[in-house]
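Below you'll find the structure, written out as structure tokens, and then a few comments.
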Amino acid sequence: MLTLKQIEEQRDFVVSRLAVKHVKNAEETVDRIIELNRLRRQMQAQNDAVLCELNQTSKSIGMLLKNGKTDEADEAKKHTGELKAATAELDRKMAETAQQIQDLLVTLPNLPHISVPEGYGAEDNVVVRMGGKMPELPEGALPHWELARKYDIIDFELGVKLTGAGFPVYKNQGARLQRALINFFLDRATAAGYHEIEPPVMVNEQSGFATGQLPDKEGQMYHAEVDNYYLVPTAEVPVTNIYRDVILSAEDFPVKMTAYTPCFRREAGSYGKDVRGLNRLHQFDKVEIVRLEHPSNSYQALDEMIQHVESLVTDLELPYRILRLCGGDMSFTSALTFDFEVYSAAQGKWLEVSSVSNFETFQANRMKLRFKEVGDKKTQLAHTLNGSALALPRIVAALLENNQTPEGIRIPAVLQPYTGFDIIR
RNA sequence: GGAAAGAUGGCCGAGUGGUCGAAGGCGCACGCCUGGAAAGCGUGUGUACCCCAAAAGGGUAUCAAGGGUUCGAAUCCCUUUCUUUCCGCCA
């Protein structure tokens, strides 16, 4: 959520940055917010004055009664009746105005960083760099969903029986590969200084709001309605929310956390060949890295996170590219996002395996995550960042396809200590 | 799921209708004292919003959350959430 302070103090800047994300009616919304907040301010000043008089009158009534001056007390009581009516009306209007402001505020996405390129969709993203070697596949190379069946390592149909489409069952060496990847990613993250967390995989409404999934992506999360809990779409939600309503000291930075969780996404509206096999699932495994940073250091931190993710795909020997997302393709909450894609040779396309973002104060404002400079009394909003390091399914898809040989599927050297085998056959 | 007791500042803890503008303690910060430190003494110590150009200063709210009673609520009433203990169930 953008702050009222920024909207008021940098109105033109806010409007022009929102245009990069192609926000509809941004200028009208911003101006309406500014006007409503001006009204709210006025009303509060009035109401505070009324309450002040009410408090003083009540106190004097106490004194009058103590001194037996009942008549004067009754007179004063009449006056408080008027004051109470006035404050009730102001309270009502203020609550209404505050709600209007809030309703408008949550429709505005984060401002894109100055380096975010213009654009409307995926085709306008900018390739920052590429790495790894493109594989040369043998004759008759198969897509991963056929390899999965051939080696009996992932069973999509069985998942349909147990749950539904998009809930695959990993079996045998496939199950072991999942566990290996999770451990490999967690070990690498902790080696890089991230503290390991195992969070709940269901969160309450407040947590969903704080990181920006609610109300914007209401329909994308599985909702356990009886208890009003949501299945996490990413570990980002519970892990970042650890610091909801927390005031840190500047010397607490950086806060670095990592977590493995299964992730649950309804993916309403997805269909077609993009959802084949592991390309898009309702449940998948992911290791996430999350950082809380001092605003002066958050872009340095973003670079470090990108380097971390890059080292993972490099060590997995996968061909990859890094994209700087354009305004139109960025998420609601992000100020700057880099996507990692690995090349899926048998499908002949790039698959997104990681998204690394700086949210600046957008999430922090929603969750009231603040800090103080040492020796300073003022609180400021912290910056939050997160990135996948990494999401498993598409990594697995690429590993299976790119490493297929007539003898079986070769496991990258770095994973072998984790899998306990060097080939899937 | 049933029963009971609870929820007060960073922490402990007092407070059953008006001097609560929340006692006292711990912690923390600063100062005094000291050769230095400890102890001791003194002062200060939450958050949010509003007024003020700013600072100083002032106002309002905040005792789990929301609503109610009252001129006045941490205190009384209602609802919700959570915690603890006992019972039940249980990986």
Side-chain angles (χ1 to χ4, degrees), chain A residues 1-10 33-102 104-105 198-210 214 223-230 238 241-252 255 262 361 363-382:
Chain A
M1 201 160 61
L2 300 177
T3 63
L4 283 170
K5 191 174 149 77
Q6 183 177 27
I7 290 174
E8 286 183 332
E9 290 177 2
Q10 305 176 45
I33 289 171
I34 293 172
E35 173 60 14
L36 285 169
N37 198 40
R38 196 181 61 76
L39 286 172
R40 184 197 60 80
R41 222 193 292 277
Q42 268 180 8
M43 287 189 278
Q44 173 157 3
Q46 277 177 44
N47 196 31
D48 283 358
V50 173
L51 286 171
C52 180
E53 193 178 350
L54 191 56
N55 287 341
Q56 284 170 2
T57 309
S58 293
K59 239 174 252 180
S60 71
I61 290 173
M63 292 304 293
L64 290 169
L65 289 176
K66 195 178 281 182
N67 298 330
K69 298 180 179 171
T70 336
D71 293 348
E72 284 180 53
D74 285 344
E75 200 56 38
K77 281 187 193 180
K78 273 182 204 155
H79 182 47
T80 59
E82 296 158 27
L83 293 173
K84 278 169 74 172
T87 189
E89 175 65 7
L90 282 165
D91 265 343
R92 195 187 58 71
K93 277 195 201 157
M94 271 198 324
E96 191 183 285
T97 308
Q99 189 58 53
Q100 287 172 347
I101 292 171
Q102 180 73 1
L104 289 173
L105 217 44
E198 187 182 308
V201 297
M202 297 184 100
V203 293
N204 58 29
E205 209 174 331
Q206 265 188 300
S207 294
F209 175 79
L214 296 173
H223 187 192
E225 291 183 24
V226 175
D227 296 295
N228 198 24
Y229 294 155
Y230 294 86
N241 269 281
I242 291 172
Y243 286 88
R244 169 151 50 83
D245 289 318
V246 168
I247 301 176
L248 295 165
S249 164
E251 53 196 1
D252 295 330
V255 175
T361 60
Q363 292 181 330
N365 187 35
R366 287 179 163 230
M367 71 173 73
K368 300 293 167 248
L369 162 55
R370 290 157 294 173
F371 73 98
K372 290 182 190 179
E373 296 289 357
V374 179
D376 197 345
K377 292 187 111 177
K378 261 195 314 194
T379 61
Q380 313 176 46
L381 294 170

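Convention: sequence-line order gives letters A, B, ...; per-chain numbering from 1. As a basis for the values below, the full set of heavy atoms in this structure was taken, side chains included, without hydrogen atoms, waters or symmetry mates.
- Comparing the C1' positions of B/U81 and B/U70 gives an interatomic distance of 27 Å, to the nearest angstrom.
- Residue-level contact check: A/Ser60 touches neither bases nor backbone, having no heavy atom under 4.0 Å from any strand.
- Summarising the base pairing, B/G57 is matched to B/C51 through a Watson-Crick or G-U wobble pair whose two defining distances lie under 3.5 Å.
- The two atoms that bring A/Lys372 and A/Lys377 nearest to each other are CE-O, 3.6 Å, heavy atoms only.
- Qualifying salt bridge (Lys or Arg N to Asp or Glu O under 4.0 Å) partners for A/Glu251, counting only residues two or more places apart in sequence or in other chains: none.
- For the side chain to side chain donor-acceptor pair (under 3.5 Å) condition, no pair includes a residue of residues 55-65 of chain A, sequence neighbours left out.
- Heavy-atom distances under 4.0 Å link RNA chain B to A/Lys77, A/Thr80, A/Lys84 of residues 74-93 of chain A, given in residue order.
- Pairing of B/G36, defined by two Watson-Crick or G-U wobble distances under 3.5 Å, is not identified with any nucleotide.
- Taking CG of A/Leu214 as the reference point, atom CZ of A/Arg366 lies at 8.5 Å (rounded to 0.5 Å).
- With a cut-off of 3.5 Å on both pairing distances, B/U19 has no Watson-Crick or G-U wobble partner at all.
- Nucleotides B/G44 and B/G57, compared at atom P, are 13 Å apart to the nearest Å.
- Base pairing analysis places B/C11 opposite B/G25; the two distances defining the Watson-Crick or G-U wobble pair are each below 3.5 Å.
- Across the strands present, B/U70 finds no partner; the criterion is a Watson-Crick or G-U wobble pair with both atom distances under 3.5 angstrom.
- Comparing A/Ile247 and A/Ile61, the nucleotide of RNA chain B nearest to each residue sits closer to the 5' end for A/Ile247.
- B/G13 and B/U69 have their C1' atoms separated by 30 Å, with the value rounded to a whole Å.
- Nucleotides B/A22 and B/G46 are separated by 11 Å at their P atoms, to the nearest Å.
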Exercise. Verify side chain to side chain donor-acceptor pair (under 3.5 Å) between A/Ser249 and A/Asp252, making sure each step is shown before the conclusion.
Key: CA-CA 5 Å; A/Ser249 164; A/Asp252 295 330; 4.8 Å; no
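- Base-pair partner of B/G6: B/C82 (Watson-Crick or G-U wobble, both distances under 3.5 Å).
- Within the 4.5 Å cutoff, the side chain of A/Ile61 has heavy atoms near those of the A/Thr80 side chain.
- In summary, contact between chain A and RNA chain B, defined as any nucleotide atom under 4.0 Å from a heavy atom of the protein, begins and ends at B/G18 to B/G72 in the 5' to 3' direction.
- Heavy atoms of other residues, nucleotides or ligands lying less than 6.0 angstrom from CD of A/Glu205 number 12 at most.
- Judged by Watson-Crick or G-U wobble contacts below 3.5 Å, the nucleotide B/C41 has B/G31 as its partner.
- Nucleotide B/G46 has B/U62 as its partner under the Watson-Crick or G-U criteria, with both atom distances under 3.5 Å.
- Contacts between residues 43-56 of chain A and RNA chain B, defined by a heavy-atom separation below 4.0 Å, involve A/Gln44, A/Ala45, A/Asp48, A/Leu51, A/Cys52, A/Asn55, listed by number.
- In this structure, A/Lys5 reaches neither bases nor backbone, as no heavy-atom distance under 4.0 Å exists between it and the strands shown.
- Nucleotides B/C63 and B/U8 are separated by 4 Å at their C1' atoms, to the nearest Å.
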For residues 83-91 of chain A, run the donor-acceptor check on the side chains, cut-off 3.5 Å, and write out each pair with its distance to 0.1 Å, sequence neighbours left out.
from: A/Thr87; atom 1: OG1; to: A/Asn47; atom 2: OD1; distance (Å): 2.6
from: A/Glu89; atom 1: OE2; to: A/Arg92; atom 2: NH2; distance (Å): 3.2
from: A/Asp91; atom 1: OD1; to: A/Asn47; atom 2: ND2; distance (Å): 3.3

